[in-house]
Amino acid sequence: MNLPFSESYKIKMVEPIRRSTREQREQWIKDARFNLFNLRSDQVFIDLLTDSGTGAMSQMQWSEMMLGDESYAGASSYYKLKNAIAEITGFPYFLPTHQGRAAENVLFSTMIKAGDIVPGNSHFDTTKGHIEFRKAHAVDCTIDEAFNTTLDHPFKGDVDLNKLEGVLKSYPVSQIPLIIMTVTCNSSGGQPVSMKNLRDVKQLANQYDIPVFFDSARFAENAYFIKIREEGYGDKSIREIVREMFSYADGMTMSSKKDAIVNMGGFIGFNSKALFNQATTYNILFEGYISYGGMSGRDMNALAQGLYEGTEFDYLETRIKQVAYLGQQLKDYGIPIQYPFGGHAIFVDAKRFLPQLPKEGYVAQTLAVELYIEGGVRGVEIGTLLADRDPETGLNRYPDLELLRLAIPRRVYTNNHMDYVAASLMNVYDRRHEIMSGLKVTREAPILRHFTVELEKA
Ligand SMILES: *Cc1c(COP(=O)(O)O)cnc(C)c1O
C-alpha cells in the first residue's frame with residue numbers, strides 16, 4: 001500500500017473549543033447585527049474568519065520568545081530579524097512595524113501623494129484603504145481569467161501586461177509612484193502569481209522607471225505554487241524560489257501574521273538606502289524607533305524563526321494540502337467554489353450558491369451568516385461590503401466576485417475539523433432554495449466598513 005500523506009508535525013499543547021446550539025447561534029448573530037466580526041470567539045466553534053495572526057507557533061518559536069532582547073536600541077532580536085529577512089528575501093534594509101497595514105502606512109507616507117495612480121493585481125483591502133485615504137487611486141490590472149471562478153488557471157494572481165502598460169502609458173510617470181504586486185493575491189482568491197509574470201512586470205516597470213513593491217503576506221505559499229505548477233521550478237527549493245521572486249522587486253511590505261506564522265508583526269524591506277532613510281522618519285513617528293517599530297524583542301525573535309519555518313517545503317505542503325482537502329470535499333458535493341483551490345483559503349462563489357438573491361442583498365455576507373447558524377463556523381465576506389463605496393460617487397461598488405472565504409489558520413485545525421466545516425456547508429447547500437432574502441445595511445463607516453458594519457434581514 002502507498003503510504004498516505006500526513007502532517008509534518010505533532011501537537012504538544014491544546015486549546016478547547018465549544019459547540020453551541022442552533023438557537024443560541026441565531027440569537028448571537030442577531031445580537032452581532034449580522035456582522036461576524038462582532039461575535040465573541042467563544043460563540044464560534046471553528047473559526048475560519050482569517051488566517052491572519054491565528055496560527056500556532058512552534059516549539060522553536062516559543063523558545064525564541066524566551067531569548068528576546070528588549071533593549072530599546074540595538075537589540076540582538078533586531079539583528080536576528082534583520083539577518084533572517086536579508087537571508088530569505090535578499091533585502092538589505094528593513095523597518096519593523098506592528099503589522100502589515102502599518103508597513104503600508106509608513107511606505108505610502110513616503111511614496112504616495114494625492115492624485116497618484118497605483119497599479120497592481122487586486123490590491124488587498126487595507127492596501128487600497130491606505131491608497132484611497134491619501135486620495136490616490138488603486139488600479140486593478142489582474143488578468144480577466146481571475147474573475148471566472150470555474151476556470152482552472154494555475155496563476156490567477158497574474159497581472160495582465162497589456163492592462164498594466166495601458167495604465168503606465170496613460171499617466172505621467174511622476175503620477176505613478178509604485179506598482180504593487182500582491183503575492184499570493186488575497187482579494188482574487190489566494191491565487192498565486194507566476195515567476196514569469198513577476199519577471200515581466202519588473203521588466204515593464206523598469207522601462208518606465210517605476211519601482212515594484214510586493215505586498216508579501218503569503219509569499220511562501222506563492223513560492224510553493226511556483227514550485228508545483230511552473231515549469232523549471234520543480235527541483236528548486238522554496239528558499240531559492242523566494243529569493244528569485246524578490247529579485248524582481250525593489251521592496252516589500254509584509255504582514256508577518258500570515259506566512260511568518262506569528263500572531264502580530266510586520267515589516268518593510270528595501271533595496272534603496274535612500275528610500276529606507278526617508279521611510280525611517282515615518283516609522284519613528286508612527287511605529288517606534290527603527291530597531292523595534294511596534295514589536296517586542298521576543299516577537300522579533302519568533303518572527304525571525306517563523307520566516308525560516310514558513311519557507312520549509314514540508315510545512316507548506318502540509319498547509320496547502322489541508323486547504324485542498326477541504327476544497328475537494330466541497331467540490332465533490334457540487335458546491336460552487338473557486339478553482340484552483342487557493343493557498344490559504346477556499347472561496348465559495350456566493351452568487352452561484354444563492355443565484356436567487358439580488359446583488360443589493362449582500363449575497364456573500366448572507367451565506368456567511370447561514371454557515372454560522374448552521375454549524376458555528378465563521379467565514380468572512382469578500383464581496384460588496386469589503387469593496388466599500390466608491391469614494392467619489394458614494395455608491396456601492398459591486399465586485400465581479402461575491403465570495404465567502406474560509407481561511408484556514410496555520411497548524412491549528414485537524415482534518416476532522418475540515419470534515420465538520422464541509423458538512424456544515426453541505427447542509428446549507430441542501431437548503432439553499434429556502435434562503436429567499438439577503439441583508440441590508442443599517443450603519444456603516446466611511447472606509448473599511450466591513451469590520452464594523454451593522455445589518456438586518458432585508
Ligand atoms: C493581511 C494583509 C495585509 C495587511 O496586514 P495586517 O497585518 O492585517 O495589517 C496586507 N496585504 C495582504 C495581502 C494581506 O493579506
Side-chain angles (χ1 to χ4, degrees), residues 37 48-55 89 94-109 112 118 120-133 138 140 142 146 156-159 178-193 198 212-223 225 245-246 249 251-269 283 286-287 293-295 299-300 302-303 306-307 310 319 323 342-345 347 380-382 386-388 403 405-410 447-448 450-452:
F37 285 95
L48 307 186
L49 183 75
T50 177
D51 63 324
S52 179
T54 54
T89 69
F94 101 100
L95 288 169
T97 64
H98 77 274
Q99 62 182 97
R101 70 199 66 185
E104 291 164 355
N105 188 30
V106 169
L107 183 72
F108 297 174
S109 295
I112 298 179
V118 184
N121 54 342
S122 304
H123 309 65
F124 183 67
D125 59 350
T126 61
T127 318
K128 196 151 139 195
H130 272 294
I131 292 169
E132 292 179 349
F133 181 72
D140 185 3
T142 316
K156 281 186 170 177
D158 279 2
V159 147
L178 76 167
I179 296 167
I180 297 176
M181 293 296 288
T182 310
V183 292
T184 59
C185 191
N186 191 347
S187 309
S188 78
Q191 300 290 330
V193 183
L198 293 175
V212 177
F213 273 70
F214 289 177
D215 182 357
S216 321
R218 298 182 186 79
F219 72 94
E221 291 171 10
N222 201 98
F225 284 120
M245 285 167 59
F246 284 118
M252 65 183 289
T253 55
M254 178 70 187
S255 169
S256 308
K257 305 167 71 173
K258 321 289 175 39
D259 275 3
I261 333 180
V262 289
N263 304 115
M264 193 54 68
F267 61 88
I268 316 172
N283 217 68
F286 298 147
E287 294 297 297
M295 295 188 75
D299 290 335
M300 289 193 281
L303 167 53
L307 283 169
R319 161 150 186 77
V323 175
H344 67 295
F347 293 73
V380 77
E381 188 248 28
I382 306 275
L386 183 72
D388 265 330
L403 301 169
R405 186 185 77 177
L406 304 172
I408 302 181
R410 293 165 180 77
I447 197 163
L448 295 174
H450 56 287
F451 288 116
T452 53

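As the structure lists them, so they are numbered: ligands from 1, and atoms in each ligand from 1.
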#### Entry: Ring geometry between Phe267 and Phe94 (parallel below 30°, tilted from 30 to 60°, perpendicular above 60°)
perpendicular
### Task
Can you label the angle between the Phe451 ring and the Phe37 ring as parallel, tilted or perpendicular, going by 30° and 60°?
perpendicular
### With Asn263 via side-chain contact (heavy atoms from CB on, under 4.5 Å) - residues at least two apart
Met57
Less than 3.5 Å apart, N/O on ligand 1 and N/O on the protein: could you list those pairs with the distances?
| unit_1 | atom_1 | unit_2 | atom_2 | d |
| --- | --- | --- | --- | --- |
| ligand 1 | 5 (O) | Ser255 | OG | 3.3 |
| ligand 1 | 7 (O) | Gly100 | N | 2.8 |
| ligand 1 | 7 (O) | Ser255 | OG | 2.7 |
| ligand 1 | 8 (O) | Gln99 | NE2 | 3.4 |
| ligand 1 | 8 (O) | Arg101 | NH2 | 2.9 |
| ligand 1 | 9 (O) | Gln99 | NE2 | 2.7 |
| ligand 1 | 9 (O) | Gly100 | N | 3.3 |
| ligand 1 | 9 (O) | Arg101 | N | 2.8 |
| ligand 1 | 9 (O) | Arg101 | NE | 2.7 |
| ligand 1 | 11 (N) | Asp215 | OD1 | 2.9 |
| ligand 1 | 11 (N) | Asp215 | OD2 | 2.8 |
| ligand 1 | 15 (O) | Asn186 | ND2 | 3.4 |
| ligand 1 | 15 (O) | Arg218 | NH1 | 2.9 |
| ligand 1 | 15 (O) | Lys258 | NZ | 2.7 |

### Query
Between Phe219 and Phe214, does the ring centre distance come in under 6.0 Å?
no
### Task
For Gln191 and Thr184, indicate whether the former's side chain and the latter's backbone hold a donor-acceptor pair under 3.5 Å.
no
### Residue pair Gly190 / His344: nearest heavy atoms and the distance that separates them
CA-CE1, 3.4 Å
